[in-house]
2 protein chains.
Amino acid sequence: MGAPRPLVRAPLSSQIAERLRDDIRTGAHPPGAQLHEVELAFAFGVSRGPLREAMQRLVQEGLLRSEPHRGVFVIEVSEEDVLDVFFVRAALETAALRRIVDHGDRAGTAAALRAIAKRMDKAMKSGNWAAGGDLDFEYHRTLVDAAGSARLSRTYATVQVETRLCLHRLMGGYRSSTDLAVEHLRLASMIADAGIDDIQKELKIHFGDPDLALRRARDAADAGRAT
Amino acid sequence: MGAPRPLVRAPLSSQIAERLRDDIRTGAHPPGAQLHEVELAFAFGVSRGPLREAMQRLVQEGLLRSEPHRGVFVIEVSEEDVLDVFFVRAALETAALRRIVDHGDRAGTAAALRAIAKRMDKAMKSGNWAAGGDLDFEYHRTLVDAAGSARLSRTYATVQVETRLCLHRLMGGYRSSTDLAVEHLRLASMIADAGIDDIQKELKIHFGDPDLALRRARDAADAGRAT
DNA sequence: TTTTTGCTGATTGTTGACAATCCTACAAAT
DNA sequence: ATTTGTAGGATTGTCAACAATCAGCAAAAA
């Protein structure tokens, strides 16, 4: 029987912000969707005040877009946004890699990443794409968190939600899960003992070319239309 | 007589957030200070609602810290925070450098940075430290903005406010303005035509060692107490 | 027929009042 | 002397009502 734990108490605004963040992440509120205050407040069983406060947080975070007197909308991700998200994501992961290699627990990080990669591979092989996708995100999040920088992790959390929104744009333009599994394991091994330049090159290959992915997505959409 | 320009209209919450951000930046609300809702709402001439919304934005941004039922405070910057801010700042500026060198307007960026460096040097030489400090921030902000990434710039804006808060901790631990001016001009020249590895090395030298700066600040504070 | 104006309903923006919580000071109990 | 309990004041958290704005539609004017 350990020490008593402080009760977790958060204002409604915090709780709502977290719920909305989740709902955006899972697609319950898809890109471009308007969040109606009256309807949402009723659904959450609260007044509009704390709901508005929560939405202001997410506006500041960049996940929602506010138009005065017209409403608040889930951001839509243009092709330009996709490129920007991938650029910033690469910058953050690269910085994390440098920190891990310079001052981090290389072996521990590599082991954690390998474990996630194996679970992801297993999920994909059994056809559980949703779980596989979540594990893909967990892999990258673990990598960034291993750098031990609160600000880096916080920024990356937002970028990850935006990355999910980007995936709506990239359907059909992404690589096969076999490639991903192989690359995840290779990257984890390199983090254990390779040189920083080689690791960065591997990360760059892993990310692929967002321009190419966008083109593929466009081609796939065009092919779908021509049928 | 040109075309009429659209009126710039923003909700009170946005305007207040911007004002508060400024006040934190300039030290009107110093680190650790509590922002009293009733007092502030009265000072701004508004009700507490939009003020609360504004504060939620800044909480999400990381500049304010909320304790439920106790209030909202300007963040305080621990030594650990100083190191983290400098780490993330370096990561963002490094990413910006890579983007500029790979795809940006190298000559244009170098020219803009040189101009700012000269104005900063002039301000410092005439003893105008406040203006010089502002220009130092403008130099780095211009560098990051030249990468053309909205998300990078937005993240950097927050990190810059936090950097200002860090300066409260580093008084006495910072280098002379002569070094800064020389380095700013050298970095700008390298951005025009040097290789990315050399530019990164120069940026790292320019940032110096935050650990060292913290130690110097501690030593200076100790010397002040021993007197 | 087309364009402009006015009205209505829906939604957001703000306000003030009440509820909830915390902190401090003081009195009572141990 | 120390600990516990209570009350009051200050502040934050939430709610409901009213104000302000926009979009769409119908009617009036050109």
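Residue numbering restarts at 1 for every chain, and letters A, B, ... go by the order of the sequence lines.
Across the protein-nucleic acid pair, A:Glu37 atom CD and D:dA17 atom P stand 17 Å apart, rounded to whole Å. Atoms NE2 (A:His36) and P (C:dG13) sit 13 Å apart, rounded to a whole Å. Taking atom CZ of residue A:Phe42 and atom P of nucleotide C:dA10, one finds them 16 Å apart after rounding to whole Å. As a whole-Å value, the separation of A:Met55 CE from C:dG13 C1' is 11 Å. Rounding to whole angstrom units, CG of residue A:Leu12 and P of C:dT21 are separated by 11 Å. Protein atom CD of B:Glu53 is 8 Å distant from nucleotide atom C1' of C:dG13, rounded to whole Å.
You won't find any donor-acceptor pair under 3.5 Å spanning the side chain of A:Arg70 and the base of C:dG13, going by distance alone.
Within 4.0 Å (heavy atoms only), B:Gln34 reaches sugar-phosphate atoms of the nucleic acid but no base atom. A:Leu35 comes within 4.0 angstrom of the backbone, heavy atoms only, and of no base. Counting any heavy atom pair closer than 4.0 Å across all strands shown, A:Gly49 reaches no nucleic acid atom. Within 4.0 Å (heavy atoms only), B:Pro50 reaches at least one base atom of the nucleic acid. Using a 4.0 Å heavy-atom distance criterion, B:Val72 is classed as making no nucleic acid contact. No contact: A:Leu40 has no heavy atom under 4.0 Å from any strand.
Looking at B:Asp22 and B:Arg19, no side-chain N of the basic residue comes within less than 4.0 Å of a carboxylate O on the acidic one, giving no salt bridge. A salt bridge does not link A:Glu162 with A:Arg164: none of the charged nitrogens is closer than 4.0 Å to a carboxylate oxygen.
Ranking D:dT12, D:dT14, C:dT11 by closeness to the A:Pro11 side chain, first place goes to D:dT14. Closest approach to the B:Ser47 side chain among C:dT12, C:dT15, D:dT12 is made by C:dT15 (side chain taken as heavy atoms from C-beta onward). With C:dC22, C:dT14, C:dG13 as the choices, the nucleotide that has an atom nearest any side-chain atom of B:His69 turns out to be C:dC22. Side-chain proximity of B:Arg48 to the nucleotides D:dT12, C:dT11, C:dT14 is greatest for D:dT12.
Proximity of a side-chain donor or acceptor of A:Gln15 to a complementary backbone N or O of A:Ala10 within less than 3.5 Å is detected.
To the nearest 0.5 Å, the span separating CZ on B:Phe73 from CE on B:Met55 amounts to 10.5 Å. We find the NZ-CD distance between B:Lys204 and B:Glu93 to be 14.5 Å, quoted to the nearest 0.5 Å.
Listed pair A:Arg52 / C:dT12 fails the phosphate criterion, with no side-chain N or O lying under 4.0 Å from OP1 or OP2.
Mapping B:Gln56 and A:Pro68 onto DNA chain D via the closest heavy atom, the residue that lands nearer the 5' end is B:Gln56.
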